[in-house]
Amino acid sequence: MIDIKGIKKSFGPLQVLKGIDLHIGKGEIVSIVGPSGAGKTTLLQIIGTLDKPDSGTVTIDGTDTSALSGNRLADFRNRHVGFVFQFHQLLPEFTAQENVMIPAYIAGTPPKEAAKRAAELLDFMGLANRGNHKPAELSGGEKQRVAVARALMNNPAVILADEPSGSLDSKNKGELHQLFFDLRDKFGQTFVIVTHDEHLAAITDRTIKMNDGLLAGDEEAAAKPQHDNNATNNAEL
């Protein structure tokens, strides 16, 4: 699904990534952990084509993203990669449903089709009655669920999350973490999650450890405790 080969990245004299080789399989939930400054977010941004490496390649679902540029790269990102950020990044002037629909608008999806898909996703998130509410009217956990629904709007192959539960309380963290597994089990998405949350890292399929711009370890799921695999909602999308 994701093949990363020889990724290096510097900002001025500072070399942030020093040669990263990594394979992530389809349907895996992988966490990336390490101290601040290890290069985790930079690697995530390069995987998501938000930034370009100085050297090396990232191949997603058979497409070498380094061979794309301009509109072709933007279109690939919109259709194949979803993003979830720590502080949800919802547009305050739009309702929850309108925020979820934004990637579909960018992709040129007909409005009625986009609205139907957004409503179905919000229902799956347990937010069927919150679609017409603006972000200021939503709780922190609800905002992050809307952000996850937005990431899923175009049914991307990969969801990239940067500290997705960092701003949530323990109850909402647990619900969000379980949601990732429910979504993977139902829709088959691949998740790559940068996190400092030890509980989340402990339950993902693999934990990739980074330090000083290099991979420092790769812990397989066999050594980990099992997560609760009960789906929270059986709605069909």
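Along the sequence shown, the residues carry numbers beginning at 1. Values reported hereafter were calculated over all heavy atoms of this structure, with side chains retained and with hydrogens, waters and symmetry mates removed. Owing to the predicted nature of the structure, the values given are computational and were not obtained by experimental measurement.
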Q. Could you go step by step and tell me if M210 and I20 meet the side chain to side chain contact (heavy atoms under 4.5 Å, CB included) rule?
A. CA-CA 10 Å; M210 290 187 66; I20 302 294; 4.2 Å; yes
Q.
Evaluate V84 against I159 for side chain to side chain contact (heavy atoms under 4.5 Å, CB included), listing each step before the verdict.
A. CA-CA 7 Å; V84 181; I159 303 291; 4.1 Å; yes
Q | side chain to side chain contact (heavy atoms under 4.5 Å, CB included) between L152 and Q189, worked out | A | CA-CA 9 Å; L152 290 163; Q189 261 100 8; 3.6 Å; yes
Q) Does the pair D75 and R79 meet the rule for a salt bridge (Lys or Arg N to Asp or Glu O under 4.0 Å), with working shown? A) CA-CA 6 Å; D75 182 66; R79 295 177 183 276; 2.9 Å; yes
Q. Does the side chain to side chain contact (heavy atoms under 4.5 Å, CB included) test come out yes or no for T42 and F11, once each step is laid out?
A. CA-CA 10 Å; T42 299; F11 296 98; 4.1 Å; yes
Q: Kindly determine whether K18 and D212 satisfy salt bridge (Lys or Arg N to Asp or Glu O under 4.0 Å), including the steps that lead there.
A: CA-CA 8 Å; K18 302 176 180 178; D212 195 26; 3.0 Å; yes
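Checked against S165 for a side-chain hydrogen bond (donor to acceptor under 3.5 Å, both in side chains), the options K173, E175, H177, H196 give a single hit: H177. When each of N99, L138, V148 is paired with K143, the side-chain contact (heavy atoms from CB on, under 4.5 Å) condition holds for L138 and for no other.
Between E93 and K134 there is no salt bridge, since no side-chain nitrogen of the basic residue lies less than 4.0 Å from a carboxylate oxygen of the acidic one. Electrostatic pairing of E120 and K116 counts as a salt bridge here, judged by a charged N lying under 4.0 Å from a carboxylate O. A salt bridge links R184 to D205: at least one charged side-chain nitrogen sits closer than 4.0 Å to a carboxylate oxygen.
Contact annotation: the side chain of L50 approaches that of R77 to within less than 4.5 Å [non-hydrogen atoms, C-beta and beyond]. Residues F180 and T204 fail the side-chain proximity criterion, which asks for heavy atoms closer than 4.5 Å. Here the side chains of L183 and F191 are in contact, with some heavy-atom distance below 4.5 Å. Using a 4.5 Å cut-off on side-chain heavy atoms (C-beta onward), L17 and I46 make contact. I102 has its side chain out of reach of V100: every pair of non-hydrogen atoms, C-beta onward, lies at least 4.5 Å apart. For the pair V30/I208, a side-chain contact is recorded, criterion being any heavy-atom separation below 4.5 Å from C-beta on.
Of the N and O atoms on the side chains of T195 and S31, not one donor lies less than 3.5 Å from an acceptor on the other residue. In the model, T41 has a side-chain atom that pairs as donor or acceptor with a side-chain atom of D162 under 3.5 Å.
At least one donor-acceptor pair closer than 3.5 Å links the side chain of T65 to the backbone N or O of V58. Judged purely by atom type and a 3.5 angstrom limit, D21 uses its side chain to pair as donor or acceptor with the backbone of G6. Of the possible donor and acceptor atoms, one in the side chain of K40 sits under 3.5 Å from a partner among the backbone N and O of G34. Of the possible polar contacts, none joining the D61 side chain to the A157 backbone as a donor-acceptor pair under 3.5 Å is found. Between the E113 side chain and the P110 main chain, no donor and acceptor come within less than 3.5 Å of each other. The backbone N or O of M153 lies less than 3.5 Å from a partner atom in the side chain of R117, making a donor-acceptor pair. N211 places no side-chain N or O within 3.5 Å of a backbone atom of A216 that could act as its donor or acceptor partner. With R130 contributing its side chain and E137 its backbone, the two residues share a donor-acceptor pair below 3.5 Å. In this structure, the side chain of Q15 does not engage the main chain of G213 through any donor-acceptor pair within 3.5 Å. Side-chain atoms of D54 come within 3.5 Å of backbone atoms of S10 as a donor-acceptor pair (strictly under, hydrogens ignored).
Taken to the nearest 0.5 Å, the CG atom of L168 stands 11.0 Å off from the CD atom of E163. Distance check: D51 CG to L44 CG gives 11.5 Å after rounding to the nearest 0.5 Å. T57 OG1 to D3 CG: the interatomic distance, rounded to the nearest 0.5 Å, is 8.0 Å. Interatomic distance, CD1 of I2 versus CD1 of I24, reported as 4.5 Å (0.5 Å rounding). Separating the CD atom in Q178 from the CG atom in D185 is a distance of 8.0 Å, to the nearest 0.5 Å. The distance from the NE2 atom of H133 to the OG atom of S139 is 11.0 Å, given to the nearest 0.5 Å.
Of all heavy-atom pairs between L179 and M125, the closest is CD2-SD, 3.5 Å. Pairing each heavy atom of E98 with each of F94, the nearest pair is OE1-CA, 3.3 Å. Taking every heavy atom of both residues into account, G56 and I7 meet most closely at C-CD1, 3.7 Å. Minimum heavy-atom separation, Q89 to R150: O-NH1, 2.9 Å. In terms of heavy atoms, Q97 sits closest to A118 at CG-CB, 3.8 Å. Between P135 and L90, the shortest heavy-atom contact is CG-CB, 3.8 Å.
Side-chain heavy atoms closer than 4.5 Å link hydrophobic residues (I, L, V, M, F, W, Y) into clusters, and following such links, even through other members, never connects F85 to V146. Linking Ile, Leu, Val, Met, Phe, Trp and Tyr whenever their side-chain heavy atoms come within less than 4.5 Å leaves I106 and L73 in two separate clusters. Cluster membership for L200 and V33, using ILVMFWY side-chain heavy atoms within less than 4.5 angstrom, is not shared. A single hydrophobic cluster is seen to contain both V192 and L22, as judged by linkage of ILVMFWY side chains at heavy-atom distances under 4.5 Å, directly or through other members. Following chains of ILVMFWY side-chain contacts shorter than 4.5 Å, one can reach V81 starting from M1, so the two form part of one hydrophobic cluster.
Around CG of N129, the count of heavy atoms belonging to other residues, nucleotides or ligands within 6.0 Å exceeds 12. At most 12 non-hydrogen atoms from other residues, nucleotides or ligands lie less than 6.0 angstrom from NE2 of H199.
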